[in-house]
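Here the structure is laid out as structure tokens; the discussion comes afterwards.
Lettering follows sequence order; numbering is per chain, from 1.
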Amino acid sequence: MIKLVRGFKDILPADTGLWQYVEAIVRELLEDFGFSELRIPLLEQTELFARSIGGDTDIVEKEMYTFTDRGGASLTLRPEATASVVRAYIEHRLYAKDPVWKLYTIGPMFRRERPQKGRYRQFYQINAEVFGLNHPKSDAEVILVLMTFMDRLGLSDITLQINSLGCPVCRPHFKIAVQSFVASRSEQLCSDCLRRRDENPLRLFDCKVPACKEAMQDAPSILDDLCGACQAHFAEVKKYLEGFEIPYQINHGLVRGLDYYTRTTFEALAESLGTQNAVAGGGRYDGLVKALGGPDQPGVGFAIGVDRLMELLAGRSQDFDKTPHVYIAAMGERAQDIGFQWLQDLRFQKVRAEMDFENRSLKSQMRRADKLGAAYVLIVGDRELEEGTAVLRNMTTKEQDKVPLQDLVRFVVDRTNTSSVGSR
RNA sequence: GUGGGUGUAGCUCAGUCGGCAGAGCACCGGGUUGUGGCCCCGGCGGUCGAGGGUUCAAAUCCCUUCACUCACCCCA
């Protein structure tokens, strides 16, 4: 048997109702906030990601699905969406029409990581990006959208962590400060942290090894090292969040894994997810558009990990089961043929109907109707055909009506529309 | 890339010391001439993850490998 590729998964009918629901909620919310959908390809030139995400990140170094196509070009399945969105913003010169754009995109991303709970090699993200606005109101607004989305899904145990990574003016100074801080504690650090110290000292805050955590206890905070402009920006963001009554925690160790972030970064965490607890993350990336060859326009946005969202919403799938309103139990060749026609007529009248094409026993058909959760069973066989009637049975109340064949479809439509089942 | 756990029917899992491959659920049929859920009886259903080895004999012991899963790493 051919099996699905490692780290990939099928989303089965039992779950797709929930996925559709989540997507509908987020689309409506984003459109209300002035976002427009952008659909971007799954495949890009490898260089786009190397330049935007950062050549020395894990994603680019060892997680991308990269291959050479027949023309010799190096192509990569997108590991994230922001780079593509920025590319499209630049390529189609959207900034020339209006510098301010609010865009969202929904779809799969690909990273070749070891699969784990809440982590797949093809995973789904909802991305929202704002271009052309550098006011802290914009940061706060983006976070408001994210937290409102969580709220509308009924997810209350989400904590928001925020931080500021500074800008090209203040960050280099801070990196040096961190390096000199750990210089005297090298023997406490794990081998990974020793490597990070040289390559990307901000990562030292991320380590979960107890000894490293302890060593970093009194490390300098980037928030003390921000330049005046960044400090003011961060203060404003916090002020607006408080105005929205969005609770937040400041985590000066919150370091995003992608190089392009500046100033505000944030993460939405769900403790119940365990170790893979980041359900959404984002921040400001004021230098990215220019770095990719566009105008000097700021950006801010977030990505929601839909797979992890689904973990949080697990158990609600049955709310979206599609149960038929009417099950047609037809016995005998003639009844099967007539029932087959009714089946289609009912569907055209928006009544969900099912039947069994095999001429099975009534007991078997009743059992199946019950299993599918049908509200009504329409019973028809030789006896009914001779009488010119069929029996419509309510599966809950067990009440039965004899319905003349001529009026049958209309009768069934009326009956199912007036019942509570028809309007659910 | 590193480490732990698990692979037996569609699903959940038993399988003792190496001795005929099992149960429940689900599905199909019957008990009940044509009225669901409960009950009873019967039936269908297997490359015991795969390959090799030891043995008269392997689901069971040994080796290899693959997959799933959890954690590290990293990220959403």
query: Do A:Q116 side-chain and B:C68 base share a donor-acceptor contact under 3.5 Å?
result: no
query: What about A:R368: does its side chain form a donor-acceptor pair under 3.5 Å with the base of B:C27?
result: no
message: Over all strands shown, is A:A278 touching base, sugar-phosphate only, or nothing at heavy-atom distances under 4.0 angstrom?
response: sugar-phosphate
- request: Measure the distance from CZ on A:R114 to P on B:G4 and round it to the nearest whole Å.
  value: 11 Å
message: At 4.0 Å (heavy atoms only), tell me whether A:M109 reaches a base, stays on the sugar-phosphate, or touches nothing.
response: nothing
- request: Report the distance from atom CE of A:M366 to atom C1' of B:U35, rounded to the nearest whole Å.
  value: 5 Å
message: Over all strands shown, is A:G281 touching base, sugar-phosphate only, or nothing at heavy-atom distances under 4.0 angstrom?
response: sugar-phosphate
message: Does this structure show an ion pair linking A:D407 with A:R410, if we count only N-O contacts that are shorter than 4.0 Å?
response: yes
- prompt: Do A:T264 and A:D139 meet the criterion of a side-chain donor-acceptor pair at a distance under 3.5 Å?
  reply: yes
- request: Determine the contact category for A:I304: base if any of its heavy atoms lies under 4.0 Å from a base atom, sugar-phosphate if only primed atoms, P, OP1 or OP2 are that close, otherwise nothing.
  value: nothing
message: Using a 6.0 Å cut-off, check whether atom NZ of A:K290 has over 12 heavy atoms from anything other than its own residue.
response: no
task: Remember a base hit wins even if backbone is also touched, and classify A:E384 as base, sugar-phosphate or nothing at under 4.0 Å, heavy atoms.
output: base
- prompt: Across the strands shown, which category fits A:E63 at heavy-atom distances under 4.0 angstrom: base, sugar-phosphate, nothing?
  reply: sugar-phosphate
- line: Base-pair string, RNA chain B, Watson-Crick plus G-U, cut-off 3.5 Å on both distances, | for inter-strand, is (((((((..((((.....[..)))).(((((.......))))).....(((((..]....))))))))))))....
message: What is the distance, to the nearest angstrom, from the CZ atom on A:R367 to the P atom on B:C39?
response: 11 Å
- prompt: Could you state the NZ-P distance from A:K371 to B:U35, rounded to the nearest angstrom?
  reply: 22 Å
message: Base, sugar-phosphate or nothing for A:G282? Non-hydrogen atoms, less than 4.0 Å.
response: nothing
query: CZ of A:R112 versus C1' of B:C75: gap in Å, rounded?
result: 16 Å
- request: Spell out yes or no: do the side chain of A:R119 and the base of B:C70 have one donor N/O and one acceptor N/O closer than 3.5 Å?
  value: no
- prompt: Can a salt bridge be assigned to the pair A:R121 and A:E113 using a cut-off of 4.0 Å between side-chain N and carboxylate O?
  reply: no
query: Which of these passes side chain to side chain contact (heavy atoms under 4.5 Å, CB included) with A:M331: A:D382, A:V380, A:I379?
result: A:I379
Whole angstrom value for the distance that separates C1' of B:C75 from CG of A:L269: 12 Å
- prompt: Does OP1 or OP2 of B:C68 have a side-chain N or O of A:K9 closer than 4.0 Å?
  reply: no
message: Could you tell me how far apart A:Q400 (CD) and B:G36 (P) are, to the nearest whole angstrom?
response: 10 Å
- prompt: A:F8 vs A:F110 aromatic rings, parallel, tilted or perpendicular, using cut-offs 30° and 60°?
  reply: tilted
message: Can you measure A:D401 atom CG to B:U35 atom P for me and round it to whole angstrom units?
response: 19 Å
message: I'd like the P distance from B:C41 over to B:A26, given in whole Å.
response: 15 Å
field: Polar side-chain contact A:K398-B:G37 base: donor and acceptor under 3.5 Å
entry: yes
message: Under a 3.5 Å threshold, yes or no: a donor from one side chain and an acceptor from the other, between A:Q344 and A:R347?
response: yes
